[in-house]
Amino acid sequence: MKAAPQAQQRLIDLQELDSSLDRLAHRRRTLPELAEVARLEERLTELRDAIVAAETAVGDLEREQKKAEQDVDQVRTRAERDQRRLDSGMVTAARDLTNLQSEIASLQRRQSDLEEVVLEIMERREEADAQVARLRSEQVTAQQELEALAARRDTEFQKIDEEAGTTSAARTAVAKDVPADLLALYEKLRGQFGGVGAAVLHRGSCQGCRLTLNTADLNRIRAAADDEVVRCEECRRILVRTAESGL
């Protein structure tokens with residue numbers, strides 16, 4: 001392949017711009033804020049699920065408490081009814097009086113037991129309400145942190161994108177100075193070799209693979225015409241010759 005030395009020199013300018021774009025893209029993908037945003041989003045999902053579960057538990061306890069209070073009311077009502085019968089003097093038979101007094105005592109014990117159940121449920125509900133409040137507070141804090149991080153991320157994105165836009169415009173201008181066939185080869189090699197398709201030959205070393213060329217390869221390059229596109233025998237990247245190539 002043939003290309004004017006000046007066009008080959010422009011490949012180095014192009015490579016520098018492409019490397020800058022690659023670094024910007026890598027920086028955009030690996031911003032610390034991205035990992036933190038992902039972590040907080042995951043935590044917020046966990047908190048939403050936990051709040052739903054906690055609120056469901058509160059609802060269950062509300063129903064359980066209501067049922068227990070109804071049981072207490074039923075037993076109290078029955079005990080009060082029996083007490084009124086006892087107090088009215090309508091029951092005169094000794095056996096019936098004994099049975100009625102025994103039932104009233106049993107109902108009072110039952111009422112006491114049920115009231116203990118109500119108190120235990122109320123304590124559990126208080127704990128469940130506190131858990132919901134804690135989770136909601138943490139949710140608010142996490143949401144605020146997420147919004148602050150997202151704002152910082154977006155600010156960094158904007159800076160990177162602006163720099164990438166300027167660099168891309170410069171790249172477009174430089175690429176116009178490179179013949180189409182040479183540009184196509186460069187792009188192909190960039191894809192094959194980690195984003196580096198062209199490198200300077202500096203003091204006998206390829207700056208792409210950082211290896212020193214042997215004497216035979218250097219003699220071959222010395223003998224090549226100025227407009228001949230030469231490549232490194234080690235890494236196969238395009239080698240651009242300069243006054244510092246050591247030839």
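As the structure is a computational prediction, the values presented were derived from the model and not from experiment.
- Within the 4.5 Å cutoff, no side-chain heavy atoms of L11 are placed close to those of V174.
- Taking both residues in full, the closest heavy atoms of V58 and A128 are given as CG2-CB, 3.6 Å, listed atom of the first, atom of the second, then distance.
- Residue L135 holds its CG atom at 11.0 Å from CG of D49, rounded to the nearest 0.5 Å.
- Although no hydrogens or angles enter the test, the distance criterion places no donor-acceptor pair under 3.5 Å between the side chain of Q139 and the main chain of R48.
- Proximity of a side-chain donor or acceptor of S102 to a complementary backbone N or O of N99 within less than 3.5 Å is not detected.
- Defined by atom type and a distance below 3.5 Å, a donor-acceptor pair is missing between the side-chain atoms of Q131 and E127.
- Hydrophobic clustering of Ile, Leu, Val, Met, Phe, Trp and Tyr side chains at less than 4.5 Å, counting indirect connections, unites L17 with L189.
- Heavy atoms of other residues, nucleotides or ligands lying less than 6.0 angstrom from CD of Q70 number more than 12.
- D87 and Q83 form a side-chain donor-acceptor contact under 3.5 Å, judged by distance and modelled atom types alone.
- Within the structure, every pair that satisfies the side-chain hydrogen bond (donor to acceptor under 3.5 Å, both in side chains) test and touches residues 229-247, not counting sequence neighbours, is listed here: R220-E233.
- The side-chain heavy atoms of C206 and R210, taken from C-beta on, include no pair separated by under 4.5 Å.
- Within the structure, every pair that satisfies the salt bridge (charged side-chain N to carboxylate O under 4.0 Å, His left out) test and touches residues 51-63, not counting sequence neighbours, is listed here: E55-R136, D60-R63, E62-R125.
- With sequence neighbours excluded, the residues that form a side chain to side chain contact (heavy atoms under 4.5 Å, CB included) with N214 are A216, D217.
- Screening residues 109-118 for salt bridge (charged side-chain N to carboxylate O under 4.0 Å, His left out), with sequence neighbours left out, gives R76-E115.
- Judged as a salt bridge (charged side-chain N to carboxylate O under 4.0 Å, His left out), and not counting sequence neighbours, R81 has no contacts.
- Scored by the side chain to side chain donor-acceptor pair (under 3.5 Å) test, D181 finds no partners at all (sequence neighbours excluded).
- Atoms CG and CD, on L44 and E138 in that order, are 9.0 Å from each other to the nearest 0.5 Å.
- Salt-bridge check for E69 with K66: failed, with every basic side-chain N at 4.0 Å or more from each acidic carboxylate O.
- Residues meeting the salt bridge (charged side-chain N to carboxylate O under 4.0 Å, His left out) test with E187, sequence neighbours left out: R171, R190.
- At distances below 3.5 Å, at least one donor-acceptor pair connects side-chain atoms of T30 with backbone N or O atoms of H26.
- Taking hydrophobic clusters as Ile, Leu, Val, Met, Phe, Trp and Tyr residues chained together by side-chain heavy-atom distances below 4.5 Å, V196 does not share a cluster with V229.
- A salt bridge links K159 with E156: the distance from a Lys NZ or Arg NE/NH1/NH2 to an Asp or Glu carboxylate oxygen falls below 4.0 Å.
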### Message
Walk me through whether Q111 and Q74 qualify under side chain to side chain contact (heavy atoms under 4.5 Å, CB included).
### Response
CA-CA 9 Å; Q111 179 180 334; Q74 289 175 355; over 6 Å; no

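- For the residue pair I104 and A79, the shortest heavy atom distance occurs at CG1-O, 4.5 Å.
- Between the side chain of S19 and the backbone N or O of Q15 there is at least one donor-acceptor pair closer than 3.5 Å.
- L21 places a side-chain heavy atom less than 4.5 Å from the side chain of S168.
- A distance of 12.5 Å separates CD of Q9 from CG of D177, quoted to the nearest 0.5 Å.
- The closest side-chain heavy-atom distance from L201 to V240 is not below 4.5 Å.
- Closest non-hydrogen pair, A199 versus I12, comes out as C-CD1, 3.8 Å.
- Using a 4.5 Å cut-off between side-chain heavy atoms of Ile, Leu, Val, Met, Phe, Trp and Tyr, with links allowed through other members, L239 and V200 fall into different hydrophobic clusters.
- Between the OG1 atom of T166 and the CG atom of L24 there is a distance of 10.0 Å, given to the nearest 0.5 Å.
- We find the CZ-OG distance between R78 and S106 to be 8.5 Å, quoted to the nearest 0.5 Å.
- Taking T155 as the reference, nothing meets the side chain to side chain donor-acceptor pair (under 3.5 Å) condition, with sequence neighbours excluded.
- Side-chain contact check for D71 versus V75: every heavy-atom pair is 4.5 Å or farther apart.
- Residue A142 comes nearest to L47 through the heavy atom pair CB-CD1, 4.3 Å, listed as atom of the first residue, atom of the second, then distance.
- Residue pairs meeting the side-chain hydrogen bond (donor to acceptor under 3.5 Å, both in side chains) criterion with at least one partner in residues 140-151, sequence neighbours excluded, are Q143-E147.
- A heavy-atom distance below 4.5 Å is found between the side chains of R124 and E64.
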### Task
Carefully, step by step, assess Q65 and L61 under the rule side chain to side chain contact (heavy atoms under 4.5 Å, CB included).
CA-CA 6 Å; Q65 180 180 340; L61 287 168; over 6 Å; no

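- Within the 4.5 Å cutoff, no side-chain heavy atoms of Y186 are placed close to those of V178.
- Residues L182 and F193 fall within the same hydrophobic cluster, defined by Ile, Leu, Val, Met, Phe, Trp and Tyr side chains chained together at heavy-atom separations under 4.5 Å.
- Note: the hydrophobic cluster containing M1 also contains I238 (ILVMFWY, side chain heavy atoms under 4.5 Å, direct or indirect links).
- The side chain to side chain donor-acceptor pair (under 3.5 Å) check on R222 picks up N219, with sequence neighbours excluded.
- Counting only heavy atoms from C-beta outward, the side chains of V37 and L31 never approach each other to under 4.5 Å.
- In this structure, T98 contributes its side chain and A94 its backbone to a donor-acceptor pair below 3.5 Å.
- With sequence neighbours left out, the side chain to side chain donor-acceptor pair (under 3.5 Å) criterion links T167 to no other residue.
- Applying the salt bridge (charged side-chain N to carboxylate O under 4.0 Å, His left out) rule to D227 yields the partners K2; only residues at least two apart in sequence or on another chain are considered.
- Separation of atoms CD1 (I121) and NZ (K67) is listed at 9.5 Å; rounding is to 0.5 Å.
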